[in-house]
Amino acid sequence: MPVHRTPFALALLLFLSAACGAAQPGSVEAQGPTMGTMSRSIESLAANINDAIVQVRASGYAPISGAASSRTSLLARRSQTGSGIIVSADGYIVTNAHVVAGANRVHVHIPPSENQRSAHHSTLGPAEISVPAEIVGVDTEADIAILKVDRTGLSVVEFGDSDSLETGQLVLAFGSPFGLEGTVTMGVVSAVARQVEEDSPMVYVQTDAAINPGNSGGALVDARGKLVGVNTFIASPSGASNGLGFAVPSNLVRIVYEQIREHGHVRRGIIGVHAQTVTPTLASGLGLLRDWGVVLSDVYPGGPAASAGLQVGDVVVSLDGQAMENARQFNVGVYARHIGDTVNLEVRRGEREHRMAVTVVERTDDPGRFDALANPQEHTVERFGIVGLDLDGTLRRLLPQLRSETGVVVAVSAAGEVFRPGDVIVAVNGDPTPTLAALRGLVGASDGESEDAFVVQIERAGRLGFVVVAVD
């Protein structure tokens with residue numbers, strides 16, 4: 001397996017050391033070789049990493065907003081491009097979930113091999129190789145998707161430790177902005193843990209390395225060539241880079257990748273509490289000893305936290321030895337844990353401190369909770385891009401607020417903008433779909449045209465609605 005190691009970090013250190021010296025006679029000449037060494041190191045790193053960066057091309061159909069009701073005007077083919085990172089020599093690729101959302105075809109452009117490049121003397125180099133890719137799994141919550149291509153011996157980018165990042169640290173962004181394959185930009189880490197939505201457990205690495213549309217799913221690497229983030233979105237009123245790029249931290253990406261490879265989906269954990277940030281007003285009203293930190297406003301009955309002895313009003317002092325300053329930090333700390341892990345909490349109750357060991361359990365509303373019940377070989381509806389299950393007593397217990405008496409539960413969906421895990425397909429073009437067999441019969445009844453459009457009635461989170469599906 002090719003490994004990417006460069007003297008970039010060392011060369012940069014030498015360069016900065018020389019640059020910080022006084023402007024002595026002859027110092028420019030002395031700095032010349034150091035600058036050259038740094039440049040060559042960046043070139044070497046870029047060449048190695050680009051061997052493992054792919055362009056992702058996804059195509060499918062999407063409804064046309066405000067279109068007339070005729071069948072031909074409801075839908076339009078949509079194509080989108082993004083980037084991907086080869087993380088396994090046997091063909092596993094990480095990208096963003098939004099890059100492949102709603103796609104029924106995905107291709108990736110793999111960089112040519114070293115032998116192909118050496119035999120090609122043009123500055124432009126040989127064309128990349130387009131190969132079909134399978135969507136192995138999608139985690140919309142982290143905006144990560146895992147693809148698989150039928151190739152071996154591929155160059156890879158190794159995972160780094162995003163928790164070790166420091167503000168100001170040099171990083172490089174790789175991808176295909178605006179479809180321009182093999183693009184690299186350089187910048188620094190602007191923030192190591194940026195929360196963009198209040199109360200969300202998701203945090204991002206912020207960077208000023210130029211990221212533009214098409215960079216989504218590409219790599220953010222450190223000076224050692226290690227993956228520290230997956231470039232995901234930018235904050236820009238113009239739609240182009242303003243130096244505000246955000247990447248999913250590599251430690252979270254690694255968890256998603258490993259779980260999708262092992263389980264086909266991500267199993268997220270909880271400990272059964274609701275945490276709030278302590279404010280001066282809250283501390284005064286509750287009589288707390290300090291006006292900052294984390295207080296448990298709810299402990300769910302029957303959950304692991306309740307079983308461990310935690311109570312409403314407990315102030316969380318630390319989680320696994322790390323001091324807790326706010327609820328966001330607490331939620332992020334729990335979010336990254338695996339099912340079955342033990343979280344060690346130090347809490348203050350009144351004037352006494354207690355230490356509690358709490359087991360992480362699987363979230364009951366996890367979108368992947370149906371996967372274990374589904375067999376893709378037996379339950380796939382290919383034309384919809386889903387794996388479906390007949391609604392039965394087991395599924396009703398997982399969907400307690402369900403209104404429908406019969407239907408097909410979506411267990412897995414490759415068309416995240418149309419179907420989501422937990423949706424119940426009730427009818428197709430007005431015909432009921434009480435079973436998977438009935439759904440397959442209706443969807444398979446093509447009229448011989450190159451495209452078929454279906455109006456599907458679904459129940460989602462207790463509400464009925466219609467979605468439009470087009471298939472080839």
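Only this structure's heavy atoms are used, side chains among them; waters, hydrogens and symmetry mates stay out. Throughout, numbering of the chain's residues begins at 1 and tracks the sequence.
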| query | When you look at Ser297 and His274, which way does the side chain to side chain donor-acceptor pair (under 3.5 Å) test go after all the steps? | reply | CA-CA 6 Å; Ser297 58; His274 184 261; 2.8 Å; yes
With a 4.5 Å limit on heavy-atom distance, are the side chains of [X] and [Y] in contact?
X	Y	value
Val294	Thr277	no
Val334	Ile270	no
Ile93	Val54	yes
Ile339	Val361	no
Val171	Met186	no
Pro213	Phe178	yes
Val131	Asp150	no
Val189	Thr207	no

Of all the heavy-atom pairs spanning [X] and [Y], show the shortest one and how long it is.
X	Y	result
Ile260	Asp139	CD1-N, 4.5 Å
Phe330	Met324	CA-SD, 3.6 Å
Ala133	Val149	CB-CG1, 3.8 Å
Phe246	Ala235	CE1-CB, 3.9 Å
Val358	Ala308	CG2-CB, 3.9 Å
Val106	Ala58	CG2-CB, 4.3 Å

Within this structure, what is the [atom1]-[atom2] distance for the pair [X] and [Y], rounded to the nearest 0.5 Å?
X	Y	atom1	atom2	answer
Ile110	Ile86	CD1	CD1	5.5 Å
Asn344	Gln322	CG	CD	13.0 Å
Glu378	Leu389	CD	CG	10.5 Å
Thr95	Ile85	OG1	CD1	7.5 Å
Met202	Glu141	CE	CD	8.0 Å
Leu345	Asp314	CG	CG	9.5 Å

| Salt bridge between Glu158 and Arg224, side-chain N to carboxylate O under 4.0 Å? |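 Looking at Glu158 and Arg224, the cut-off is not met.
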| Between Lys148 and Glu134, does at least one N-O distance fall below 4.0 Å, as a salt bridge requires? |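 Salt bridge: no.
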| said: For Arg57, give me all partners under salt bridge (charged side-chain N to carboxylate O under 4.0 Å, His left out), at least two apart in sequence or on another chain. | reply: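 In terms of salt bridge (charged side-chain N to carboxylate O under 4.0 Å, His left out), with neighbours along the sequence ignored, Arg57 is linked to no residue.
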Without swapping roles, check the side chain of [X] against the backbone of [Y] for a donor-acceptor pair under 3.5 Å.
X	Y	result
Ser44	Arg40	no
Gln55	Gly214	no
Asp208	Val188	yes
Asp423	Arg420	yes
Asp143	His98	yes

| request: Would you please say whether a donor-acceptor pair under 3.5 Å links the side chains of Asn96 and Thr232? | output: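 Note: Asn96 and Thr232 side chains meet the donor-acceptor criterion.
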| query | Can Asn215 and Asn231 be counted as having a side-chain donor-acceptor contact under 3.5 angstrom? | reply |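 Result is no, nothing qualifies.
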| request: Test side chain to side chain contact (heavy atoms under 4.5 Å, CB included) on Val221 and Val228 and set out the steps. | output: CA-CA 5 Å; Val221 304; Val228 294; 5.6 Å; no
| task | Could you check Val343 against Leu319 for side chain to side chain contact (heavy atoms under 4.5 Å, CB included), going step by step and ending with a plain yes or no? | result | CA-CA 7 Å; Val343 174; Leu319 186 154; 3.7 Å; yes
| Does any pair with a residue in residues 79-89 pass salt bridge (charged side-chain N to carboxylate O under 4.0 Å, His left out), and if so which ones, sequence neighbours excluded? |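 Matches after skipping sequence neighbours: none remain.
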| query | Which salt bridge (charged side-chain N to carboxylate O under 4.0 Å, His left out) pairs, counting each pair once, include a residue from residues 329-347, with sequence neighbours left out? | reply |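 Matches after skipping sequence neighbours: Asp320-Arg337, Glu346-Arg355.
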| Run the side chain to side chain contact (heavy atoms under 4.5 Å, CB included) check on Val205 and Val192 step by step: do they pass? | CA-CA 5 Å; Val205 178; Val192 297; 6.0 Å; no
| field | Contact list for residues 166-191, test side chain to side chain donor-acceptor pair (under 3.5 Å), sequence neighbours left out | value |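 Listed once each, the pairs are His109-Glu181.
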| request: Take Leu288 and Asp291 through the side chain to side chain contact (heavy atoms under 4.5 Å, CB included) test and state the conclusion after the steps. | output: CA-CA 7 Å; Leu288 304 180; Asp291 60 2; over 6 Å; no
| query | Excluding sequence neighbours, so at least two apart, what forms ring-ring contact (aromatic ring centres under 6.0 Å, His included) with Tyr204? | reply |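 So Tyr204 forms a ring-ring contact (aromatic ring centres under 6.0 Å, His included) with Phe233.
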Tabulate below the donor-acceptor pairs under 3.5 Å that side-chain atoms of residues 252-259 make, not counting sequence neighbours, or state none.
| from | atom 1 | to | atom 2 | distance (Å) |
| --- | --- | --- | --- | --- |
| Tyr257 | OH | Arg261 | NH1 | 2.8 |
| Gln259 | OE1 | Arg267 | N | 2.7 |

